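The chains referred to below are lettered A, B, ... by the order of the sequence lines, with proteins before strands, and numbering in each begins at 1. Given the structure is predicted, the values throughout are model-derived calculations rather than measurements.
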Amino acid sequence: MTKNLVIVESPAKAKTIGGFLGKDYTVRSCMGHVADLSKKDLGVDIADGFTPKYVISPEKKKVVAELTKLARESETVWLASDEDREGEAISWHLVEALNLEESRTRRIAFHEITKTAIQEAIESPRPIDRNLVNAQQARRVLDRLVGFELSPLLWKKIKPSLSAGRVQSVAVRLIVEREEEIKNFQSVSAYRIVADFLLKTDTRPVTVKAELNRRFNTKEEAVAFLKQCIAAQYGVEEVDTRPAKKSPAPPFTTSTLQQEASRKLGFSVANTMRVAQELYESGFITYMRTDSVNLSDMALAMARKEIGAAFGEEYVKTRKFSTRTKGAQEAHEAIRPTYLTNRTIEGDKSHKRLYELIWKRTIASQMADAELEKTTVTIGITGSADKFVARGEVVRFDGFLKVYMESSDEEEQNGEEGMLPPMSTGDRLDLQVMTAQQKFTQQPYRYTEAMLVKKLEELGIGRPSTYAPTISTIQKREYVVKEDRPGTMRNFTEITLKKGIITEEVKTEKVGYEKSKLFPTDIGTLVNSFLLKHFENIMDYNFTASVEEEFDEIAEGRLVWNSMISDFYWPFHKQIEETLESSGKVSGERHLGADPKTGLPVYVKIGRYGPMVQMGDSDADEKPKFASLNKGQSLETLTLEEALDLFKLPRTLGEFEDSPVVVATGRFGPYIRHHSQFYSLPKAVDPLAVDLPQAIEIMEAKRKADSQKILAEFNDGDRHIQVINGRFGAYITCNKENYKIPKSRDARSLTLEDVKKIMSETSPTKPKSKKKK
DNA sequence: CAGTGAGCGAGCTTCCGCTTGACTT
């Protein structure tokens, strides 16, 4: 029997708070939402004023049963879900699901997990804010209506199993449009003039690097300028020194953590979140899904102490950062180490690295500004109005730079600014070398996962808990792919003036090399243009922001939630019906030309299983031939020649062991089929060129590898039992049933008796049921 | 893992946001 039951959202939080509250309080977690719209149908009764049909989420049945029991035994139930729209709805759903009586239910909220914050919260409970709950309900119903009406439209018009939604469809649009910008980008070049000068000083001469204050559009102009400089003299005209300062970045939110972990550690968004979750569960960091840059007073005090002790008092400067993010709800603190005294932690490499990044960012955010001195030296040229400019930067006081500097997404930083020697007006400079470099304008950058998250956050689309899942959804649907692309070589001209002689040289540089960037697929592009054509309003980058304004009005009690939904739904539903009627099936079909042998037309289009080529018309007497596109080929750029090559498979190479050997392409790329066995072709082997001896070699290699996978084989009566070395360790298989081998046993030394014993003691796990893609 | 692409029709897919395990071969 317990007096008080406190319900929070996360188990790790429950553990910490339990320690603060003492024995009169039982603290449990509900693990997020316990109820959601029914999944079997639309889950919204449109005819009845959009009444939501809530059901207890199947995976939460156990939690709800347990909480119901505890609540019945308690005097008072404290609902301590997060203080934001979703948190308020969670509390409301708990009231409904646990059948809580109002008289012994209290709603409390806190933004920090500290003893004082929780005690204060307990002292000031409030009723559940029904307006806020209604705002969440409107958000939920709108997302369901959009997602569950748009997706089936795509199944009908384009391809089964596709999806669309308020967040994911805009994420795809960003990537498709960036690719179009790149495709349409016209690179122009200009000549940049840089020079090394020699400054004579009392001790020894020093080199000063400077750049001309203008660029030349043509080579002729650049050469003319260099010629003019052969006989020129150079002197310092002006020295301008001014102080500057740099301030640290705020502590991490989910989005900035994902960006920095991507830039500094090369982590994918999903990997960052997985490691952060584990750090949180081990008690090393505060909650990792947050949009707040705020630190608790306790954290600030810890920071002051830690910085003072480690670097000295002059390095301490605590700050309160405020969020600039659209729609931020700030239910939690920023992401920070629980104890700033721990510079590092025990754990594997990725945990250590992410933790240290969080520690540095948190500490730096509370350190003094860096004080710099920026110097600009203007260098005159006799006989010319143009000037060379040399820039230098000296750090007078490093401040937060001692610990951490935020990285930037810009790929090329223009010239590191170093130190300049002391100079004064009238100093003479001797030219050592002057170079005119042809510089091309850079195409827009492609998104990494983390850069896409940054962009979505700027647009106010999505929440900290959904950034990583959204990124993975659009990849799972094959709207976008994350890939490396090799880039191409480009020539550029460099003209040098040295010792009065001008020389010209053509050099090459690599451009367009991409690592782990997001590219749209043919399907992504096609779905995007379909949605843009018929649902421009949903695809608008400001759609979320404008509905969020209305959700805010609902939260303030100035707007009725289902009338807002009604105003949105009916015009939207009309768009759906009109599109159903007006639009035929969309396949992005292109006619490539005629097959030179038969004269039949060749098309490329999106089919039921993805991009494909077709030879012949479907209403002709002879059935058309079909073939899938290869990886890396695209609907937009495929040529007739490439299409004709695709029809050359399947190809029979000859006979081996009395059976034909056939090369073909399947869903996972080119393969060899022989005796109903499949053998993948290595990447380097061209399926159009491979011959029989080479194919046999590939098959034998696979057979050898497979034989090493089987650790042991037994025949027990009719049963054929194998011990196999699988991806997740060794296991036993028999009659398509798998059995785990206890960790204490060495799989290689098992006897038939051992195996039979394990099989009788453990229950089999069925291999994964085949899922359709 | 994998070989398909007519048309018929059954039965399936799908959203966003809050939170963890269970499970995989």
How would you label the contact of A:Y287 with the nucleic acid (heavy atoms, under 4.0 Å): base, sugar-phosphate, or nothing? sugar-phosphate
Base, sugar-phosphate, or nothing: which does A:G87 touch, judged by heavy atoms less than 4.0 Å apart? nothing
Let me have DNA chain B in dot-bracket notation, would you? Count Watson-Crick plus G-U wobble pairs, both distances under 3.5 Å, and use [ ] for pairs crossing earlier ones and | for inter-strand partners. .........................
Determine the contact category for A:P11: base if any of its heavy atoms lies under 4.0 Å from a base atom, sugar-phosphate if only primed atoms, P, OP1 or OP2 are that close, otherwise nothing. sugar-phosphate
Does any N or O in the side chain of A:D686 come within less than 3.5 Å of the main-chain N or O of A:L688, such that one atom is a donor and the other an acceptor? yes
Could you check whether A:L162 gets within reach of a base, just the sugar-phosphate, or nothing at all, counting any heavy atom under 4.0 Å? sugar-phosphate
Under 4.0 Å between a side-chain N/O of A:T466 and OP1 or OP2 of B:dG17, yes or no? yes
Heavy atoms under 4.0 Å, any strand shown: does A:S628 hit a base, just sugar-phosphate, or nothing? base
Within the supplied structure, the quantity of interest is the number of heavy atoms (other residues, nucleotides, ligands) at a distance under 6.0 Å from A:K455 NZ; does it exceed 12? no
Could you state the atom-to-atom distance from CD of A:Q136 to P of B:dC18 in whole Å? 9 Å
Quick one: is A:R477 getting a side-chain N or O under 4.0 Å of the B:dC15 phosphate, OP1 or OP2? yes
Which part of the nucleic acid does A:G616 contact within heavy-atom distance under 4.0 Å: base, sugar-phosphate only, or nothing? nothing
What donor-acceptor contacts under 3.5 angstrom involve side-chain atoms of residues 607-614 of chain A, with partners at least two apart or in another chain?
unit_1: A:Q614; atom_1: OE1; unit_2: A:K605; atom_2: NZ; d: 3.1
unit_1: A:Q614; atom_1: NE2; unit_2: A:G616; atom_2: O; d: 3.0

Can A:Q329 and A:E86 be counted as having a side-chain donor-acceptor contact under 3.5 angstrom? no
